[in-house]
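The block underneath contains the structure these notes are about, expressed in structure tokens.
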Number of protein chains: 2
Amino acid sequence: MTGYAPAEAARRSGFSLDTLRYYEKIGLLADVSRTSGGQRIFTDDDLGWLVLFRCLRDTGMPIAQMCRYAQLAREGEHTADERRELLERHATQVEEQMRLLQRQYDHLREKIRFYEQQPASG
Amino acid sequence: MTGYAPAEAARRSGFSLDTLRYYEKIGLLADVSRTSGGQRIFTDDDLGWLVLFRCLRDTGMPIAQMCRYAQLAREGEHTADERRELLERHATQVEEQMRLLQRQYDHLREKIRFYEQQPASG
DNA sequence: GGTTGACCTGGAGCGCGCTCCAGGTTGGAG
DNA sequence: CTCCAACCTGGAGCGCGCTCCAGGTCAACC
């Protein structure tokens with residue numbers, strides 16, 4: 001159970017210091033331990049959560065939904081099914097997102113190809 | 001050169017009426033023609049632009065950059081190279097975006113798989 | 001010619017996800 | 001013991017991309 005200073009946690013998670021504080025403030029990241037003086041110490045467990053949050057944010061999950069997930073996890077093992085379903089639904093949405101992105105990327109590439117052939121039009 | 005009423009243009013482009021007006025207000029969509037009474041009539045050409053904007057937005061291009069592209073197009077054919085480069089750079093960013101999305105999707109799927117095997121942990 | 005629904009304008013407001021600030025405290029290095 | 005960079009708090013502010021509103025106009029249909 002190594003402890004990380006805020007700057008180190010920020011570096012490792014890719015979130016800014018302000019964002020880490022914000023996540024704690026809104027209850028997404030709970031019970032971050034402190035020194036006697038009140039400064040935060042992030043554990044490997046906290047880092048694990050941050051990695052998950054990074055994954056979910058990068059795939060477009062709204063913060064409110066991540067809060068719900070984190071809340072369920074805090075409630076204990078009996079919420080495991082609900083958590084799995086939440087992730088499953090999200091994964092399905094991500095698949096749709098990927099298909100759309102691919103489709104629009106293809107359009108974009110076609111547009112560029114068009115430019116390369118005949119240098120005209122908008 | 002068929003004309004479309006605002007509601008029809010909205011339906012075909014997938015943008016809301018307010019968004020169409022907003023795009024015109026900020027100069028993204030220029031010179032939308034009007035009836036004598038001042039109501040908008042969208043042409044096929046306008047629709048073509050909207051389809052492009054939809055593509056660029058869906059792939060995450062900021063509005064400011066789309067404005068720049070549209071401005072260049074209005075300036076004439078001598079900006080064709082610059083426009084092509086703008087799209088090319090964007091396409092490269094989209095590729096990176098797709099790679100990240102795929103990677104995080106894989107993580108997500110692995111997390112779900114973990115839930116299905118042993119129903120424990122956050 | 002009256003009705004009604006679609007449309008107009010300028011400008012305010014919103015939801016999200018941070019980001020920044022002031023003013024103060026902590027704690028490790030020298 | 002002193003210094004100073006890193007940290008703390010509560011709360012305001014921001015950038016983006018719309019979205020909504022009030023109060024009025026237009027135009028197609030009966």
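Throughout, protein chains are lettered first and strands after them, A, B, ... in sequence-line order, and every chain is numbered starting at 1.
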Exercise. Can you see which heavy atom on A:Tyr69 is nearest to which on B:Lys111, and at what distance?
Key: OH-CE, 3.6 Å
Exercise. Determine whether B:Thr35 and B:Ile41 make a side-chain contact, defined as any pair of heavy atoms from C-beta on separated by less than 4.5 Å.
Key: yes
Quiz item: Please walk me through it: do A:Glu96 and A:Arg99 pass salt bridge (Lys or Arg N to Asp or Glu O under 4.0 Å)?
Solution: CA-CA 5 Å; A:Glu96 180 53 41; A:Arg99 278 193 293 273; 2.9 Å; yes
Taking N or O atoms only and anything under 3.5 Å, show me the protein contacts with nucleotides 24-28 of chain D, one pair per line.
{"unit_1": "D:dC26", "atom_1": "O4'", "unit_2": "B:Gln39", "atom_2": "OE1", "d": "3.1"}
{"unit_1": "D:dA27", "atom_1": "OP1", "unit_2": "B:Thr35", "atom_2": "OG1", "d": "2.9"}

Quiz item: Hey, does B:Tyr23 have a side-chain heavy atom less than 4.5 Å from the side chain of B:Trp49?
Solution: no
Quiz item: Among residues 5-21 of chain A, which contact DNA chain C at a heavy-atom distance under 4.0 Å?
Solution: A:Ser16, A:Asp18, A:Thr19
Practice problem: For DNA chain C, note the earliest and the latest nucleotide, 5' to 3', having some atom under 4.0 Å of a heavy atom belonging to chain A. | Solution: C:dG17 to C:dG27
Practice problem: Would you verify whether the NZ or CZ of A:Arg83 falls within 45 degrees of the ring axis of B:Tyr115 while also being under 6.0 Å from that six-membered ring's centre? | Solution: no
Quiz item: A:Leu17 and A:Ala7: which non-hydrogen atoms are nearest, and at how many Å?
Solution: CD2-N, 3.8 Å
Practice problem: May I ask you to say whether B:Glu24 pairs ionically with B:Arg34, meaning some side-chain N is under 4.0 Å from a carboxylate O? | Solution: yes
Quiz item: In terms of side-chain geometry, is the basic nitrogen of A:Asp106 or A:Arg103 positioned less than 4.0 Å from the acidic oxygen of its partner?
Solution: no
Quiz item: Ion pair present between A:Arg40 and A:Glu8, side-chain N to carboxylate O less than 4.0 angstrom?
Solution: no
Quiz item: Side chains of B:Gln104 and B:His107: do they bring a donor and an acceptor to under 3.5 Å?
Solution: yes
